[in-house]
Colleague: 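Can you read through this structure? Questions will come right after.
Every chain is numbered from 1, with letters handed out A, B, ... down the list of sequences.
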Protein chains: 2
Amino acid sequence: MTTSEENYLKVIYHLSNLSPKGVNTNAIAGMLDTKASSVTDMLKKLSDKELVNYQKYQGVFLTEKGKLSAKMIVRNHRLWEVFLVEKLGFAWDEVHEVAEELEHIRSEKLINQLDKFLNFPSFDPHGDPIPNAKGEMPTIAKQLLSEIEIGSTITCVGVKDTSVDFLQYLNKQQISLGTNITVLEKEAFDGTIKIEINHAVLVISDKIANNLFVK
Amino acid sequence: MTTSEENYLKVIYHLSNLSPKGVNTNAIAGMLDTKASSVTDMLKKLSDKELVNYQKYQGVFLTEKGKLSAKMIVRNHRLWEVFLVEKLGFAWDEVHEVAEELEHIRSEKLINQLDKFLNFPSFDPHGDPIPNAKGEMPTIAKQLLSEIEIGSTITCVGVKDTSVDFLQYLNKQQISLGTNITVLEKEAFDGTIKIEINHAVLVISDKIANNLFVK
DNA sequence: TAATATTTTTAGCTTTGTCTAAAAAATAAA
DNA sequence: TTTATTTTTTAGACAAAGCTAAAAATATTA
Ligand SMILES: [Mn+2]
Ligand SMILES: [Mn+2]
Ligand SMILES: [Mn+2]
Ligand SMILES: [Mn+2]
């Protein structure tokens, strides 16, 4: 499988979770920063290889084979992210780009030994679950901060948006995985939330609250 | 720079040491398992980028810029080989293929942090020197086992041939970097050498003796 | 339901890196 | 120093992955 094919598979996998009735050509193009016509070409190729079920104009689905391949790429990506943070001292906002390259290195032994070296981690630096060698991964009951009731104290366990901008905002506010958060007030008008973290009070927008996973 | 360009540069770099009066098109083709016509095309491209000095029919030389680029790829390759052996438990005959892929990951921070994580190693698992971030690397006075006089006891410090076949032969004979070797006899007729290693006597061919570096 | 807008696909072109076959240059042999 | 051989380059073609512009299908709106 080529790097390009792997990138398409991974994007289809991520989009499948959001739109379970077939992934759109345009959605894929948007994620890969390419054109719809290029996506159509690739879908035919992936279909020939039986990695996706594709019918003209009807959206695309991963086959079981395609889903497993996608999970293995996600596994690689997230294990490398753990390596970069835990072993090489990268910050959580610096790892994604490099992991995008490392995830395509083809070696079963490499990834399984890396997994072992890292002590079989269950989650990556952004709180996302890491599939094991069989493609199984933990499902954790997590909620968005925006859904939490006033007065509750919860813990940050992940981010929905993993963009550098968002992660650096969180750095600035000293919010990281494991940070405890108490919801003090919610503004009905615009969804703004007042929270307490690290013994300080902070007002965050609904956009922030909609991208922080807590438990 | 593309992966393909990097592979050409690296091969030209390695061949330059052997043929300092210009590297031949066919030699490059042989190393990369490609055709001479493809090499010619690439040489023009590398020349346009001022990575090599190339004149039709006259062989090719690396420019200073090209030499530094090549050294950085060699640096990546050898650091990853150290990582695979030291941290992930690979054997020295298992690392080359994976390192061929890892060496092309583009990230200054990645490679410099890896270097630090590995404690700034000077040599890779095959005894080859690792260039530092500036492209400098140690030169060590080493000889081929075939050049050693009878009666001398020396230490294995590297291999000239890094093929899987040769490395596995050495595994079988329990020869690795650091192994002490005493030269007992040399056969004038065919260059066969009788040596003592690990308190055992072993007869090796001239081909073996010509591919083992000792000091 | 008919007209309009959006999405998706097709057709045809481009770039990168490869190939084969033929031509040209350099080397070696006679 | 011709002739033959080997090496290298050129010419033309191909597959992968992308693009633009136009056509076709689907979805939306009036
Ligand atoms: Mn990532
Ligand atoms: Mn991640
Ligand atoms: Mn190697
Ligand atoms: Mn090596």
Colleague: May I have the distance from A:E5 (atom CD) to D:dA15 (atom C1'), rounded to whole angstrom?
Modeller: 12 Å

Colleague: Could you please name the option among D:dG18, C:dT10, D:dT9 that lies closest to any side-chain atom of A:M42?
Modeller: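 The listed nucleotide nearest to A:M42's side chain is D:dG18.
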
Colleague: Rounded at 0.5 Å granularity, tell me how far NE2 in B:H126 sits from CD in B:E81.
Modeller: 5.0 Å

Colleague: Find the distance B:Q55:CD to C:dA26:P and express it as a whole number of Å.
Modeller: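 After rounding, the gap between these two atoms is 11 Å.
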
Colleague: Should B:D161 and B:K207 count as an ion pair when the cut-off is N to O under 4.0 Å?
Modeller: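 Answer for the salt bridge query: no.
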
Colleague: Any side-chain N or O of A:T2 below 4.0 angstrom from OP1/OP2 of D:dA17?
Modeller: yes

Colleague: Is the count of non-hydrogen atoms from other residues, nucleotides or ligands lying under 6.0 Å from A:K116 atom NZ greater than 12?
Modeller: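 Not more than 12 within 6.0 Å, no.
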
Colleague: Write out a two-atom table: protein N or O, nucleotide N or O from nucleotides 19-23 of chain C, distance below 3.5 Å.
Modeller:
residue, atom, partner, partner atom, Å
C:dC19, OP2, B:T34, OG1, 2.6
C:dC19, OP2, B:K35, N, 3.1
C:dC19, OP2, B:S38, OG, 2.8
C:dT20, OP2, B:K35, NZ, 3.1
C:dT20, O4, B:S37, OG, 3.0

Colleague: When you look at CD of B:E108, are more than 12 heavy atoms from neighbouring residues, nucleotides or ligands closer to it than 6.0 Å?
Modeller: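 At most 12 heavy atoms, drawn from other residues, nucleotides or ligands, come within 6.0 Å of this atom.
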
Colleague: Using whole Å, report how far CD of A:Q58 lies from C1' of C:dT8.
Modeller: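 These atoms are roughly 11 Å apart.
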
Colleague: Evaluate the criterion salt bridge (Lys or Arg N to Asp or Glu O under 4.0 Å) for residue pair A:E6 and A:R106; output intermediate values, then yes/no.
Modeller: CA-CA 11 Å; A:E6 290 188 344; A:R106 270 161 258 282; 3.6 Å; yes

Colleague: Assess whether salt bridge (Lys or Arg N to Asp or Glu O under 4.0 Å) is satisfied between B:E64 and B:K67, documenting all intermediate values.
Modeller: CA-CA 5 Å; B:E64 278 309 309; B:K67 199 175 294 176; 3.6 Å; yes

Colleague: Taking only side-chain N and O atoms of B:K45, does any of them lie within less than 4.0 angstrom of OP1 or OP2 on C:dG17?
Modeller: yes

Colleague: Report, as yes or no, whether the 6.0 Å neighbourhood of atom NZ on A:K142 holds more than 12 heavy atoms from other residues, nucleotides or ligands.
Modeller: yes

Colleague: Are any of A:K56's side-chain N or O atoms less than 4.0 Å away from OP1 or OP2 of D:dA25?
Modeller: no

Colleague: Among side-chain atoms of A:D124 and A:H77, is any donor-acceptor pair under 3.5 angstrom?
Modeller: no

Colleague: Starting at CG of A:L32 and ending at C1' of D:dA16, how long is that distance when rounded to a whole Å?
Modeller: 16 Å

Colleague: Between atom CD of B:Q55 and atom CZ of B:F61, what is the distance when rounded to the nearest 0.5 Å?
Modeller: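 Separation between the atoms: 9.0 Å.
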
Colleague: Below 4.0 angstrom from OP1 or OP2 of C:dT9, is there any side-chain N or O of A:K44?
Modeller: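 A:K44 to C:dT9 OP1/OP2: no side-chain N or O under 4.0 Å.
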
Colleague: Pull out every residue in residues 18-26 of chain A that has a heavy atom closer than 4.0 Å to any atom of DNA chain D, ordered by number, or say none.
Modeller: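 Nucleic-acid contacts, sorted: none.
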
